[in-house]
Amino acid sequence: MRRHPRRGEAGLEVSAAPSERGAEVGRRIGVGLMYGLWKPRVLGAWKVPAAGPAILAVNHSHNVDGPMVMGTAPRPTHFLIKKEAFIGPLDPFLRRIGQLKVDREIADRTAITRALGVLEDGGVLGIFPEGTRGEGDFASLRAGLAYFAVRSGAPIVPVAVLGSTEKRGRLIKGLPPLRSRVDVVFGDPFEAGDGSGRRTRKALDEATVRIQERLTAHLENARRLTGR
């Protein structure tokens with residue numbers, strides 16, 4: 001259900017959360033594209049909470065990782081996506097399917113409040129905790145994931161996408177080879193906070209360390225399970 005704008009902490013106006021219906025449309029499009037173009041092997045999807053707020057923390061080594069998770073997750077997902085992706089016809093399309101534009105160079109208050117709105121409404125928020133594409137090994141995390149998890153109390157579900165960068169496609173060099181296998185491994189949900197409810201800088205730093213340990217362990221386990 002869409003929420004009307006209201007006043008949040010420090011008098012900030014909180015805009016309505018993006019459409020859950022739109023995110024479901026995005027999920028269905030993702031299902032068609034991901035299973036039509038590649039061969040996803042999905043492990044542990046049942047670990048995603050069936051209801052209530054949740055945060056999917058996804059490693060990020062290829063542009064296809066986000067759409068792959070959208071098409072394989074059991075629930076519609078609202079991803080925080082860099083503003084640079086919202087260009088031309090992609091801008092209205094991404095908005096319509098419930099995705100969130102974020103400026104990574106500043107403390108984007110609009111993106112923050114809309115993301116929190118997703119969790120307050122019991123939805124699923126997707127985050128690339130590394131902040132940008134890289135090795136996809138969770139080696140360097142930004143503080144945003146800890147903030148959303150501690151602030152909302154939503155459990156974090158680690159997600160490892162493996163195989164998207166192993167080979168380059170022959171027809172489209174920037175994508176994995178068509179009909180190749182990409183593994184998506186969902187891990188056990190966990191709480192980021194220490195149970196004290198603290199939101200201090202120290203508490204967030206400590207939460208980030210705990211999160212990194214859990215995400216790294218999940219990635220190692222996912223590699224063992226898939227042989228990648």
Side-chain angles (χ1 to χ4, degrees), residues 1-3 6 8-9 12 14-24 26-27 44-60 65-66 69-70 72-81 97-102 107-131 138 141-161 184-219:
M1 182 174 65
R2 295 293 296 272
R3 296 173 293 112
R6 67 190 190 282
E9 291 186 0
L12 291 174
V14 180
S15 57
S19 166
E20 182 82 2
R21 182 178 299 176
E24 173 59 24
R27 190 185 75 83
W46 57 270
K47 296 180 180 181
V48 178
I55 300 173
L56 302 185
V58 186
N59 68 322
H60 195 24
D65 296 339
V69 173
M70 286 180 63
T72 57
R75 295 174 60 188
T77 305
H78 305 267
F79 266 97
L80 278 167
I81 301 174
I97 62 171
Q99 306 310 296
L100 301 168
K101 179 170 70 173
V102 61
D108 190 335
R109 306 299 293 181
T110 298
I112 291 171
T113 52
R114 287 173 65 81
L116 287 172
V118 167
L119 298 172
E120 289 170 7
D121 282 353
V124 178
L125 180 67
I127 296 180
F128 300 113
E130 296 160 290
F138 295 124
L141 304 190
R142 293 192 173 189
L145 175 55
Y147 173 80
F148 287 121
V150 173
R151 167 76 183 272
S152 68
I156 296 173
V157 179
V159 186
V161 180
V184 184
V185 185
F186 295 85
D188 294 317
F190 65 92
E191 303 290 336
D194 60 3
S196 68
R198 294 180 301 132
R199 300 177 186 172
T200 62
R201 170 57 60 186
K202 181 179 180 182
L204 292 179
D205 289 344
E206 292 172 350
T208 298
V209 172
R210 285 192 293 271
I211 291 170
Q212 187 167 29
E213 290 174 350
R214 294 292 295 266
L215 296 186
T216 300
H218 170 67
L219 184 58

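In what follows, residues are counted from 1 in the order of the sequence shown. Note that this is a predicted model, so its numbers are computed, not measured.
No donor-acceptor pair under 3.5 Å is formed between the side chain of Q99 and the backbone N or O of H78. Although no hydrogens or angles enter the test, the distance criterion places no donor-acceptor pair under 3.5 Å between the side chain of R27 and the main chain of M70. Side chain of T77 to main chain of R75: a donor-acceptor pair is present (N/O by atom type, distance under 3.5 Å, no hydrogens or angles). The backbone N or O of E213 sits nowhere less than 3.5 Å from a side-chain atom of T216 that would complete a donor-acceptor pair.
Closest of all the heavy-atom pairs between F186 and H218 is C-CE1, 3.6 Å. When every heavy atom of A154 is checked against every heavy atom of L119, the shortest pair comes out as CB-CD2, 4.1 Å. R214 and D188 get closest at one heavy-atom pair: NH2-O, 4.2 Å. The shortest heavy-atom contact between A192 and A149 is CB-CB, 3.6 Å. Closest of all the heavy-atom pairs between N59 and D65 is O-OD2, 3.8 Å. Taking all atoms of both residues into account, the shortest heavy-atom contact from A146 to A207 is CB-CB, 4.1 Å.
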### Chi angles and distances behind the side chain to side chain contact (heavy atoms under 4.5 Å, CB included) call for V161, V58
CA-CA 7 Å; V161 180; V58 186; 3.9 Å; yes

### Query
For I127 and F79, what are the C-alpha separation, side-chain angles and deciding distance, and is it a side chain to side chain contact (heavy atoms under 4.5 Å, CB included)?
CA-CA 6 Å; I127 296 180; F79 266 97; over 6 Å; no

#### Entry: Trace of the side chain to side chain contact (heavy atoms under 4.5 Å, CB included) decision for F148 with L116
CA-CA 7 Å; F148 287 121; L116 287 172; 3.7 Å; yes

### Task
Applying side chain to side chain contact (heavy atoms under 4.5 Å, CB included), run through L56 and V124 and close with a yes or a no.
CA-CA 7 Å; L56 302 185; V124 178; 3.7 Å; yes

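Taken to the nearest 0.5 Å, the CG atom of L125 stands 8.0 Å off from the OG atom of S152. Taken to the nearest 0.5 Å, the CZ atom of R114 stands 12.5 Å off from the CD atom of E120. The distance from atom CG of L215 to atom CD of E130, rounded to the nearest 0.5 Å, is 8.5 Å. Expressed to the nearest 0.5 Å, how far CZ of F128 lies from CG of L145 amounts to 12.5 Å. Here the straight-line distance linking atom CZ of R210 with atom CZ of F190 works out to 9.5 Å at 0.5 Å rounding.
Within the 4.5 Å cutoff, side-chain heavy atoms of P18 are placed close to those of L100. With a 4.5 Å cut-off on side-chain heavy atoms, P155 and I55 do not count as touching.
The pair R21-E24 fails the salt-bridge criterion, with no side-chain N (NZ, NE, NH1 or NH2) lying under 4.0 Å from an Asp/Glu carboxylate O.
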